[in-house]
Number of protein chains: 2
Amino acid sequence: MFSPLIDELINALRILPGVGPKSAQRMALHLLERDKPGAAKLASSLQQAIEHVGRCKLCRTLTEQDICATCTNPQRDSRLLCVVETPADVLAIEQAGNYSGRYFVLLGHLSPIDGIGPEDIGIDVLLERLQNEHIEELILATNPTIEGEATAHYLAEQAKRLEVRVSRIAHGVPLGGELEYIDGGTLAHAFNSRQGL
Amino acid sequence: MFSPLIDELINALRILPGVGPKSAQRMALHLLERDKPGAAKLASSLQQAIEHVGRCKLCRTLTEQDICATCTNPQRDSRLLCVVETPADVLAIEQAGNYSGRYFVLLGHLSPIDGIGPEDIGIDVLLERLQNEHIEELILATNPTIEGEATAHYLAEQAKRLEVRVSRIAHGVPLGGELEYIDGGTLAHAFNSRQGL
């Protein structure tokens, strides 16, 4: 409908998660009509990030360095290692702000149905670290989904064999949540995992 | 929180309309983790569009040519000229698919309070076209807002002075709309503008 370059830009914007044809069109026209400097900035940031951002060689999170800032920070407790599924999970935990150990990012979860085994999500690398480094506690923070739970279970078995202490983050009713609106599964879990006062 | 390049990308994505900090983060991680080729395509489309897309010299819509495809198309009726506020409006009318004339894009509306007068939205250029070209009808399709109505009113006065026929697109209850949910202003307008059957 528009000229080819504009159509191409609209299509390119549709790869962004949550952006459909109408939003992509609105974004393209906004950038071209009102914010060409912003668009140029976006193009160069994308280019830079594509070229330079890779995986941390230790924890596998996204970073432009060989080893990320968390892994090299001497103030982080190297005896604690928290296992998460994605770099976004690292960010969420960092924003909560009370964890001072290090991370290991699986970049996925075990999923035999999709052919994803332990090696595909770096569990071999993780077990090697458990053997070679002085890690006192492995904190499992995979998602509370079927695959996340299975992954946590598998990791717990392996870590126990290496005699490393393992823990799983607590699941239950979120703070500020109202019981009325909490799903049955969570509520049942909260009852089963109740703690003495 | 992330490494500098990723933070920069997240900030750059926030210039997109409707994208807040959380969506920008989700977009950046999605691109870097799962769709680097798509991100590269987006960067180059942005670059291309910024460099080459400008205004059509005749109708002022966005195009990468000097004169856009609608203005050069000999099958469009050059006797009809439709005035709209933005390139997105041109697209909306084209998608409706029953208008075969040409366009003039104001790229805004009269707004004395913001210091936007007739020359700022190209009305001088439009009046020149009305004088020099054989235009039989000027169709005013500015938005039905206060500023859009004022702009339409001003244009109607000027066009009448040049003895060009002027029309305004109809306003009223949209097709498929339910009276129950239509705002009072629209409904009042629909009654005042009722037509004999």
Side-chain angles (χ1 to χ4, degrees), chain A residues 1-19 23-56 61-65 68-70 86-88 90-92 94-95 107, chain B residues 1-19 23-56 61-65 68-69 86-88 90-92 94-95 107-108:
Chain A
M1 275 297 194
F2 276 108
S3 61
L5 284 182
I6 304 179
D7 279 338
E8 209 174 278
L9 176 58
I10 293 174
N11 282 332
L13 283 164
R14 289 197 53 191
I15 62 147
L16 295 171
V19 174
S23 323
Q25 182 186 312
R26 190 166 143 244
M27 286 173 171
L29 293 175
H30 172 85
L31 291 177
L32 292 171
E33 276 189 86
R34 279 180 228 140
D35 199 358
K36 279 202 175 182
K41 179 94 186 44
L42 177 56
S44 82
S45 298
L46 276 167
Q47 202 59 55
Q48 286 286 316
I50 295 163
E51 272 172 40
H52 300 295
V53 173
R55 304 286 177 200
C56 168
T61 195
L62 292 168
T63 178
E64 66 242 38
Q65 287 135 355
C68 75
T70 313
T86 68
V90 173
L91 192 77
E94 285 297 293
Q95 279 167 347
L107 301 171
Chain B
M1 277 299 194
F2 276 108
S3 62
L5 284 181
I6 304 179
D7 278 339
E8 210 173 276
L9 176 57
I10 294 174
N11 282 331
L13 283 164
R14 290 197 53 193
I15 62 148
L16 295 171
V19 174
S23 323
Q25 182 186 312
R26 190 166 143 243
M27 285 174 174
L29 293 175
H30 171 85
L31 291 177
L32 292 171
E33 277 189 87
R34 278 180 229 139
D35 199 0
K36 279 202 176 182
K41 179 92 184 45
L42 176 55
S44 82
S45 297
L46 275 167
Q47 203 59 56
Q48 285 287 315
I50 296 163
E51 271 171 40
H52 299 295
V53 173
R55 304 288 178 196
C56 168
T61 196
L62 292 168
T63 178
E64 66 241 36
Q65 288 136 352
C68 76
T86 68
V90 172
L91 191 76
E94 284 298 293
Q95 279 167 348
L107 302 171

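The basis for the numbers below is simple: all heavy atoms, side chains too, and nothing from hydrogens, waters or symmetry mates.
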Please look at [X] and chain A and tell me whether the side chain, the backbone, both or neither of the residue comes under 4.5 angstrom of a heavy atom of that chain.
X	value
B:Glu51	neither
B:Val90	neither
B:Leu31	side chain

ask   = Where on A:Gln25 is there a heavy atom nearer than 4.5 Å to chain B: the side chain, the backbone, both, or neither?
value = side chain

Could you report the tightest heavy-atom contact between [X] and [Y], atom names first, then the distance?
X	Y	value
B:Pro17	A:Arg26	CB-NH2, 3.7 Å
A:Leu5	B:His52	CD1-CB, 3.4 Å
B:Leu9	A:Ala49	CD2-CB, 4.0 Å

Output the option from [options] having the highest count of non-hydrogen pairs under 4.5 Å with chain A.
options	result
B:Cys68, B:Ala88, B:Ala69, B:Pro87	B:Pro87
B:Glu33, B:Glu8, B:Gln48	B:Glu33
B:Leu107, B:Leu62, B:Thr63, B:Asp35	B:Leu62
B:Glu64, B:His30, B:Gln65, B:Gln47	B:Glu64

key: Contact leader toward chain B among A:Gly18, A:Ser23, A:Pro4, where contacts are heavy-atom pairs under 4.5 Å   = A:Pro4

ask   = For the candidates A:Leu13, A:Thr61, A:Ile50, which exhibits the highest count of non-hydrogen atom pairs separated by less than 4.5 Å from chain B?
value = A:Ile50

query = Sequence neighbours excluded, which residues qualify as side chain to side chain donor-acceptor pair (under 3.5 Å) partners of A:Thr86?
reply = A:Asp89

Please tabulate, for the side chains in residues 37-46 of chain A, all donor-acceptor contacts under 3.5 angstrom to protein atoms that are two or more places apart in sequence or on a different chain.
from: A:Lys41; atom 1: NZ; to: A:Ser45; atom 2: OG; distance (Å): 3.4
from: A:Ser44; atom 1: OG; to: A:Lys41; atom 2: O; distance (Å): 3.3
from: A:Ser45; atom 1: OG; to: A:Lys41; atom 2: O; distance (Å): 2.9

task = May I ask you to check whether over 12 heavy atoms, not counting those of A:Arg55, lie within 6.0 Å of atom CZ?
result =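 Correct, the count exceeds 12.
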
key: Flag side-chain contact, heavy atom, 4.5 Å: B:Val19 against A:Leu16   = no

remark   = Rounding to 0.5 Å, atoms CD1 (B:Ile10) and CG (A:Leu91) come to a distance of 7.0 Å

